[in-house]
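No experiment lies behind these values; they were computed from the predicted model shown. Every chain is numbered from 1 and lettered A, B, ... according to where its sequence line falls, protein lines coming before strand lines.
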Amino acid sequence: MADDILIIGAGQAAAQAVQSLRAEGFEGPIKLFGDEPYAPYQRPPLSKKFLAGEIGYDRVELKGADFYTQSNVETHWGTRVTEIDRRQKRILTGDGRGFDYGKLLIATGSRVREINVPGFELDGVHYLRNIEDVKSIQAHFREGARMVVVGGGYIGLEVAAVAAKRGLSVTVLETADRVMARVVDPIVSHFYERVHREEGVTIETGVTVAGFEGTDKVEAVVSGEGKRFPCDFVVVGIGIIPNTELASEAGLEVSNGIVVDEQCRTSDPDICAAGDCTSHPSAVYGHRLRLESVHNAIEQGKTAAATLAGKEKPYNQVPWFWSDQYDLKLQIVGLSAGYTQAVVRGDPESGRSFAVFYLKDGVLVAVDAVNRAPEFMMAKMLTQKKAVLDPARIRDEAIPVKEIAG
Amino acid sequence: MAKVTYVENDGTEHTIEVQNGMSLMEAAVKQGIPGIDGDCGGACACATCMVYVPDEWQGKLAGIETMEESMLDFCERREDNSRLSCQIVASDAIDGIRVQMPESQH
Ligand SMILES: Cc1cc2nc3c(=O)[nH]c(=O)nc-3n(C[C@H](O)[C@H](O)[C@H](O)COP(=O)(O)OP(=O)(O)OC[C@H]3O[C@@H](n4cnc5c(N)ncnc54)[C@H](O)[C@@H]3O)c2cc1C
Ligand code: FES
């Protein structure tokens with residue numbers, strides 16, 4: 001029987017798993033399958049420095065070319081896995097080949113949610129998930145070009161920031177009554193709306209996109225409310241869908257992500273899953289989570305590698321995330337869902353530096369820190385400890401961050 | 001080009017050539033050198049790339065900016081000679097540098 005470890009999907013989680021498998025002492029064959037023509041790369045720069053043209057491909061690539069050779073990994077770029085046959089313990093690829101496995105790691109990530117309105121197939125309507133998408137978007141980057149962003153989430157707003165800096169005329173359309181509504185308090189949303197306006201971006205909330213107009217290419221976005229937004233191109237950022245089909249077709253348990261335990265094991269003990277595609281238990285929050293972040297992909301990559309190598313490294317960390325827009329570094333630790341009180345440190349009304357502490361019945365569950373690294377670092381420790389905080393101490397900037405917990 | 005030696009906490013050494021303009025964090029992660037995580041890819045947002053820089057090399061590096069300072073300030077294993085390796089950019093001036101890694105980045 002093969003003792004090969006096969007990895008499906010070659011992204012952030014997969015690259016980490018390869019490194020960790022070798023570090024954990026696994027010496028058997030590793031085969032890595034990715035459907036993109038590239039070796040694993042980082043996605044965050046795709047809406048930041050790489051989109052802005054400040055860094056090239058060599059800086060987004062996760063590992064150097066010789067890393068895979070040195071780690072003795074057989075790589076199959078541009079190869080899509082089409083089936084997992086659990087009875088035969090083999091996977092099938094799009095080009096009709098089969099590979100036997102001893103153990104398997106599914107790290108297929110997620111894909112963009114597509115917008116299903118009339119005109120969606122017009123030229124000039126783009127999404128942003130991979131390097132090819134960046135190239136298509138950059139082709140429109142000319143001073144004065146009109147870009148409409150559909151969706152006021154992190155990615156849409158990051159693209160807006162980069163484009164505004166490049167002198168494009170940018171409009172962001174958001175269905176909710178404020179941007180980033182899914183994850184942050186209105187205080188943070190309104191702060192970001194203010195900054196984007198100061199930078200010359202038009203933000204329209206409460207706008208539902210009903211269709212795209214144009215003959216050969218997109219010329220305008222039309223809203224359900226009957227408004228028309230003329231444009232040269234569109235970037236849609238309305239969320240992602242986890243890539244779980246391979247797993248569900250193979251009969252693995254899937255429910256808003258591939259269901260794994262804290263060791264990243266799926267319902268088949270020989271198969272692990274890691275990254276955007278999983279739903280995992282969180283001891284910190286007491287319920288299952290599906291996360292879309294680099295930290296989650298890296299840590300699950302490590303955990304899955306340990307499990308596959310016959311060791312234990314349970315995944316139980318407070319999630320964190322960052323977003324760069326203009327001169328703003330937003331660092332988020334924890335999940336604010338269900339908070340009962342949002343306490344502000346600093347002044348979000350003017351200036352560009354403050355932090356919001358989210359308390360649930362007094363316990364710190366999350367912090368959004370804008371240009372506030374100390375608050376972020378402190379919050380990382382305090383959320384893990386489930387610290388109970390006094391709102392008055394949070395607000396009082398005369399008290400150093402390190403002494404905030406008393 | 002700078003020749004850089006990364007010393008793991010257990011004394012294991014890794015010497016590699018780093019092209020000018022690339023950070024010491026990026027080069028280490030690309031090679032899979034253990035001991036530097038670099039979770040945020042150099043955005044100065046995670047502090048999982050801390051290294052110790054011997055005194056004789058300190059003067060050759062660019063100064064510590066506010067963001068780096070605040071991140072370092074909260075690193076559990078911070079010493080006086082700590083730096084974030086994503087903020088150290090390779091150049092001929094630091095050819096031959098040795099940096100020491102902490103026991104863990106978390
Ligand atoms: C534009 C953008 C900006 C982001 N910014 C941030 C940020 O600032 N901070 C942050 O923490 N996170 C950010 N993220 C999220 C982060 O990049 C993801 O959470 C992370 O990449 C997830 O890693 P992964 O390995 O699970 O999936 P991916 O990195 O997506 O890798 C999965 C790979 O598997 C491939 N694949 C899928 N199915 C198959 C198959 N059947 N056969 C072969 N290959 C397959 C996919 O094509 C893909 O290459 C951003 C994402 C995007 C798109
Ligand atoms: S890599 Fe994240 S702070 Fe250096």
Side-chain angles (χ1 to χ4, degrees), chain A residues 12 15-16 18-20 22-23 39 41-45 48-50 55-56 58-68 70-71 73 293-299 302 317 320-324 327 329-333 353 369 371-381 384 400-402, chain B residues 1 4 6 8-10 12 14-50 64-78 82 84 86-87 89-90 101 103-106:
Chain A
Q12 187 92 45
Q16 181 62 51
V18 165
Q19 177 168 343
S20 299
R22 290 306 183 214
Y41 58 87
Q42 313 174 54
R43 295 188 197 280
K48 308 180 181 77
K49 286 186 172 170
F50 184 68
I55 57 171
D58 61 323
R59 304 282 297 274
V60 291
E61 200 184 32
L62 268 163
K63 302 289 178 189
D66 36 353
F67 169 79
Y68 301 97
Q70 275 167 19
S71 309
V73 173
S293 79
V294 164
H295 172 248
N296 178 61
I298 291 179
E299 294 305 321
K302 291 181 189 169
Q317 295 189 12
W320 72 270
F321 188 84
W322 78 97
S323 172
D324 294 334
D327 57 346
K329 180 171 296 294
L330 171 64
Q331 291 167 296
I332 297 182
V333 56
S353 156
N371 292 341
R372 287 275 175 138
E375 277 79 352
F376 167 73
M377 291 299 278
M378 193 65 201
K380 253 181 147 174
M381 289 188 256
Q384 187 90 45
V401 181
K402 282 194 172 170
Chain B
M1 197 75 103
V4 180
Y6 300 83
E8 284 186 63
N9 191 249
D10 67 2
T12 312
H14 307 263
T15 302
I16 57 172
E17 304 257 314
V18 183
Q19 88 189 51
N20 288 354
M22 185 158 285
S23 76
L24 299 202
M25 178 283 293
E26 287 178 282
V29 169
K30 272 189 197 296
Q31 297 288 322
I33 294 175
I36 294 183
D37 293 348
D39 290 358
C40 75
C44 207
C46 70
T48 63
C49 63
M50 200 248 284
I64 302 188
E65 290 190 21
T66 332
M67 184 76 187
E68 180 182 352
E69 177 53 42
S70 346
M71 295 298 285
L72 279 172
D73 195 26
F74 284 84
C75 288
E76 211 177 302
R77 296 181 176 79
R78 183 192 188 164
S82 285
L84 293 180
C86 67
Q87 305 301 309
V89 177
M101 269 96 76
E103 191 186 331
S104 143
Q105 295 284 357
H106 294 279

Requested in this report: Find the one option among A/Ile55, A/Val60, A/Val294, A/Leu62 whose heavy-atom pairs under 4.5 Å with chain B are most numerous.
Outcome: A/Leu62
Query raised in the report: With a 4.5 angstrom heavy-atom cut-off, which part of A/Val401 approaches chain B: side chain, backbone, both or neither?
Result: side chain
**Report entry** Nearest atoms (heavy-atom pairs only) where A/Gln331 meets B/Cys44
**Finding:** NE2-O, 4.2 Å
Requested in this report: Grab the two heavy atoms, one from B/Ala47 and one from A/Met377, that are nearest each other, plus how far apart they are.
Outcome: CB-CE, 3.6 Å
Requested in this report: Kindly determine whether A/Gln19 and B/Val29 satisfy side-chain contact (heavy atoms from CB on, under 4.5 Å), including the steps that lead there.
Outcome: CA-CA 10 Å; A/Gln19 177 168 343; B/Val29 169; 5.5 Å; no
Requested in this report: Could you tell me whether B/Glu17 atom CD has more than 12 heavy atoms of other residues or ligands within 6.0 Å of it?
Outcome: yes
Query - Structural part of A/Asp66 lying under 4.5 Å from a heavy atom of chain B - result: side chain
Report summary line: Whatever's closer than 4.5 Å to a heavy atom in chain B on A/Lys48 counts as neither
Report summary line: Note: A/Lys302 and B/Asp37 closest approach over all heavy atoms is NZ-OD2, 3.6 Å
Query raised in the report: For A/Phe321, is it the side chain, the backbone, both or neither that has a heavy atom under 4.5 Å from a heavy atom of chain B?
Result: neither
**Report entry** CA sep, side-chain torsions, deciding dist, call: A/Met381, B/Phe74, side-chain contact (heavy atoms from CB on, under 4.5 Å)
**Finding:** CA-CA 10 Å; A/Met381 289 188 256; B/Phe74 284 84; 3.9 Å; yes
Report summary line: Tightest non-hydrogen contact, residues B/Ala43 and A/Lys329, listed as O-NZ, 2.7 Å
Requested in this report: Below 4.5 Å from any heavy atom of chain B, which atoms of A/Gln16 appear? Answer side chain, backbone, both or neither.
Outcome: neither
Query raised in the report: Atom NZ in A/Lys380, atom SG in B/Cys46: separation rounded to 0.5 Å?
Result: 6.5 Å
Query - Interface moiety of B/Ile16 toward chain A, non-hydrogen atoms closer than 4.5 Å - result: neither
Query raised in the report: Does B/Glu76 CD have over 12 foreign heavy atoms under 6.0 Å away?
Result: no
Query - Region of B/Gln19 in contact with chain A, defined by heavy-atom distances below 4.5 Å - result: side chain
**Report entry** Region of B/Gln31 that comes under 4.5 Å of a non-hydrogen atom in chain A
**Finding:** both
Query raised in the report: Which atoms form the tightest heavy-atom contact between B/Asp39 and A/Trp320, and what is the distance?
Result: CB-CZ2, 4.2 Å
Query - Minimum-distance pair of heavy atoms, taken over all atoms of B/Met67 and A/Ala373 - result: CE-CB, 3.9 Å
Query - Distance, nearest 0.5 Å, that separates CG of A/Asp58 from CD of B/Glu26 - result: 8.0 Å
Report summary line: Cut-off 4.5 Å, heavy atoms of chain B, and the answer for A/Pro374 is both
Query raised in the report: Is chain B contacted by the side chain of A/Arg59, its backbone, both, or neither, given a heavy-atom distance below 4.5 Å?
Result: both
Query raised in the report: Any idea which of B/Pro34, B/Cys40, B/Gly42 has the most non-hydrogen atom pairs under 4.5 angstrom with chain A?
Result: B/Cys40
Report task. Name the member of A/His295, A/Arg372, A/Glu61 that forms the most heavy-atom pairs with chain B at distances under 4.5 Å. Result -> A/Glu61
